[in-house]
Number of protein chains: 2
Amino acid sequence: MKIGELSKHANCKIETIRYYEKIELLPKPLRTDGGYRIYNESHLKRLVFIRRSRELGFTIEDIRVLLQLVDGGSYSCNDIKLIAIKHINDIRQKISDLKKLEKTLSRISSKCSGNSTPECPIIDALYSSK
Amino acid sequence: MKIGELSKHANCKIETIRYYEKIELLPKPLRTDGGYRIYNESHLKRLVFIRRSRELGFTIEDIRVLLQLVDGGSYSCNDIKLIAIKHINDIRQKISDLKKLEKTLSRISSKCSGNSTPECPIIDALYSSK
DNA sequence: CTAAGCTCTGTATTAACTACAGAGTCAACA
DNA sequence: TGTTGACTCTGTAGTTAATACAGAGCTTAG
């Protein structure tokens, strides 16, 4: 299968596929005489794995570790679980930070009259000298 | 005040201050004969405004708009409130996305025995052919 | 055989900084 | 006055995870 077809099956842009090859997440595929990349099912599975992991918010480096474990064939369920749990904790932290942010912003902007005068509590809150 | 002092007062790295000058968020300060930047109180206030806004998650471009409104002197409370509300909505969306993510990951990883066998539901979920 | 459509490489861009290298400046102290 | 150490300067490159080209070459249906 050529890169365009892989792209459709994996729901991943062509440039991204080439990018993953360059950073060595995807193995180099065979080429036609003309230089076109030719992929097989195992490339597709691997690419789907990568995309799914990205969608779950794993970084490329997380994924590299996961793939190395899988490639090595020596991974244990525990290895994987540790990575996942760390990631879940990161996500929870982000959620908590964003909630704080939202509260602060909502509080500031609720004081705002929303009229056409040039007095604005939001600006005051941001710009005040202390 | 020299850049190091400004940096301490505004809690902002020196490189970042120079960066803000380069992208024209901060006005160019006067210089000593030797070429050192010399700042005054109004630079400090502006830098604090920028840092505070960044901490609240506004983008540089958001801040540029806010500052232009303030600089123009013609802003209205309503102008500012619209920007803030849009931003609050963006944050709520992000929180909701992250919560979904967290749920999915928690669900997958709770199936994981966490033992030393090479069978792992996390990998299976990511790597399965469909 | 030709034209449309696909793919190639390589480089530049995005956001918001951060991290140097190598040079120059300033202030205090002897 | 000389020197040392701390500070600052410019300019460039790196970070993350792609995305967006230009300009060339390949493939295949008709």
Side-chain angles (χ1 to χ4, degrees), chain A residues 1-26 28-40 43-44 46-67 87 90-91 94 97-98 101, chain B residues 1-26 28-40 43-44 46-67 87 90-91 94 97-98 101:
Chain A
M1 127 184 67
K2 282 188 290 184
I3 200 166
E5 204 181 336
L6 180 66
S7 164
K8 265 174 214 140
H9 285 22
N11 195 25
C12 173
K13 299 200 171 182
I14 288 175
E15 287 92 344
T16 307
I17 296 172
R18 288 196 286 244
Y19 168 69
Y20 287 157
E21 179 182 329
K22 199 166 111 196
I23 63 171
E24 296 181 291
L25 273 194
L26 273 183
K28 283 183 202 300
L30 293 176
R31 301 274 187 136
T32 65
D33 291 349
Y36 281 20
R37 290 168 178 83
I38 298 298
Y39 296 96
N40 57 31
H43 288 106
L44 175 57
R46 197 177 178 95
L47 182 54
V48 168
F49 178 98
I50 295 169
R51 290 312 302 168
R52 236 174 243 172
S53 305
R54 287 290 300 125
E55 274 162 28
L56 290 174
F58 286 100
T59 66
I60 294 282
E61 289 316 305
D62 287 336
I63 297 170
R64 201 185 289 285
V65 171
L66 290 173
L67 283 171
H87 185 46
D90 287 352
I91 292 172
K94 254 184 221 159
D97 290 349
L98 283 174
L101 218 70
Chain B
M1 129 184 68
K2 283 187 291 185
I3 200 167
E5 206 181 338
L6 180 67
S7 166
K8 265 174 215 140
H9 285 20
N11 196 24
C12 174
K13 297 200 175 181
I14 289 175
E15 287 92 343
T16 307
I17 296 174
R18 288 195 286 245
Y19 169 70
Y20 288 156
E21 180 182 328
K22 200 166 112 195
I23 63 171
E24 296 181 293
L25 272 195
L26 273 182
K28 283 184 202 300
L30 293 175
R31 301 277 187 135
T32 64
D33 292 349
Y36 281 20
R37 291 169 177 83
I38 298 298
Y39 296 97
N40 58 32
H43 289 104
L44 175 57
R46 198 178 178 92
L47 182 53
V48 168
F49 177 97
I50 295 168
R51 291 311 303 166
R52 236 173 240 171
S53 304
R54 287 291 299 124
E55 273 162 28
L56 291 174
F58 287 98
T59 66
I60 294 283
E61 290 317 305
D62 288 336
I63 297 170
R64 202 186 289 285
V65 172
L66 290 174
L67 283 170
H87 185 47
D90 287 353
I91 291 171
K94 254 183 221 160
D97 290 350
L98 283 174
L101 217 71

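Order of the sequence lines fixes the chain letters, A, B, ..., with proteins taken first and strands second; residue numbering starts at 1 for each chain. Note that the structure is a prediction, hence the values are computed from the model and not measured.
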* Under 4.0 Å between a side-chain N or O of A/Tyr20 and OP1 or OP2 of D/dA17? -> no

* Round to the nearest Å and state the distance from A/Arg31 atom CZ to D/dG25 atom P. => 16 Å

* Distance, rounded to the nearest Å, where A/Tyr19 contributes OH and D/dT16 contributes P -> 8 Å

* Asked: Between D/dC26 atom C1' and A/Ile3 atom CD1, what is the distance in whole Å?
  -> 14 Å

* Asked: For B/Ile50 and B/Arg18, take the nucleotide of DNA chain C holding the closest heavy atom to each; which residue's nucleotide lies nearer the 5' end?
  -> B/Ile50

* Could you state the CD-C1' distance from B/Glu15 to D/dT15, rounded to the nearest angstrom? -> 14 Å

* **Distance test, side-chain N/O of A/Thr32 to OP1/OP2 of D/dT27, below 4.0 Å** => yes

* Asked: If you find the nucleotide of DNA chain C closest to A/Lys22 and the one closest to A/Tyr39, which residue's nucleotide is nearer the 5' end?
  -> A/Tyr39

* Start and end of chain B contact along DNA chain C [non-hydrogen atoms, under 4.0 Å] -> C/dA16 to C/dC26

* To do: Name the nucleic acid region contacted by A/Ile23, choosing base, sugar-phosphate or nothing; use a 4.0 angstrom heavy-atom cut-off, strictly under.
  => nothing

* Structure fact -> A/Tyr36 has its side chain closest, among D/dC21, D/dA18, D/dG25, to D/dG25

* Atom-to-atom span, CD of A/Glu61 to P of D/dT16 - whole angstrom -> 7 Å

* Asked: Rounding to a whole Å, what distance do you find between B/Ile38:CD1 and D/dT8:P?
  -> 9 Å

* To do: For A/Arg51 and A/Tyr20, test the side chains for any donor-to-acceptor distance below 3.5 angstrom and give the result as yes or no.
  => yes

* To do: Report yes if at least one side-chain N or O of B/Arg37 is closer than 4.0 Å to OP1 or OP2 of D/dC9; otherwise report no.
  => yes

* Go through the steps to decide whether A/Arg52 and A/Glu55 satisfy the test salt bridge (charged side-chain N to carboxylate O under 4.0 Å, His left out), and finish with yes or no. => CA-CA 5 Å; A/Arg52 236 174 243 172; A/Glu55 274 162 28; over 6 Å; no

* When you get a sec, tell me which of D/dA18, D/dT8, D/dT28 is the closest nucleotide to the side chain of A/Lys2? => D/dT28

* To do: Could you grab the distance from atom NE2 of A/His43 to atom NZ of A/Lys28, nearest 0.5 Å is fine?
  => 11.0 Å

* Asked: Taking C-beta and beyond as the side chain, do A/Leu67 and A/Ile50 meet within less than 4.5 Å on heavy atoms?
  -> yes

* Can you check side chain to side chain contact (heavy atoms under 4.5 Å, CB included) on B/Arg18 and B/Ile3, steps first, answer last? -> CA-CA 9 Å; B/Arg18 288 195 286 245; B/Ile3 200 167; 3.7 Å; yes

* Nearest whole angstrom, please: distance from the C1' of D/dA17 to the CZ of A/Arg64. => 12 Å

* Asked: So what does B/Arg51 touch, heavy atoms closer than 4.0 Å: a base, only the sugar-phosphate, or nothing?
  -> sugar-phosphate

* So how far is it from B/Ile63 CD1 to B/Thr59 OG1, rounded to the nearest 0.5 Å? -> 6.5 Å

* To do: Could you go through the salt bridge (charged side-chain N to carboxylate O under 4.0 Å, His left out) check for B/Glu61 and B/Arg64 one step at a time?
  => CA-CA 5 Å; B/Glu61 290 317 305; B/Arg64 202 186 289 285; 3.1 Å; yes

* Structure fact -> A/Ile17 atom CD1 is separated from D/dA17 atom C1', nearest whole Å, by 15 Å

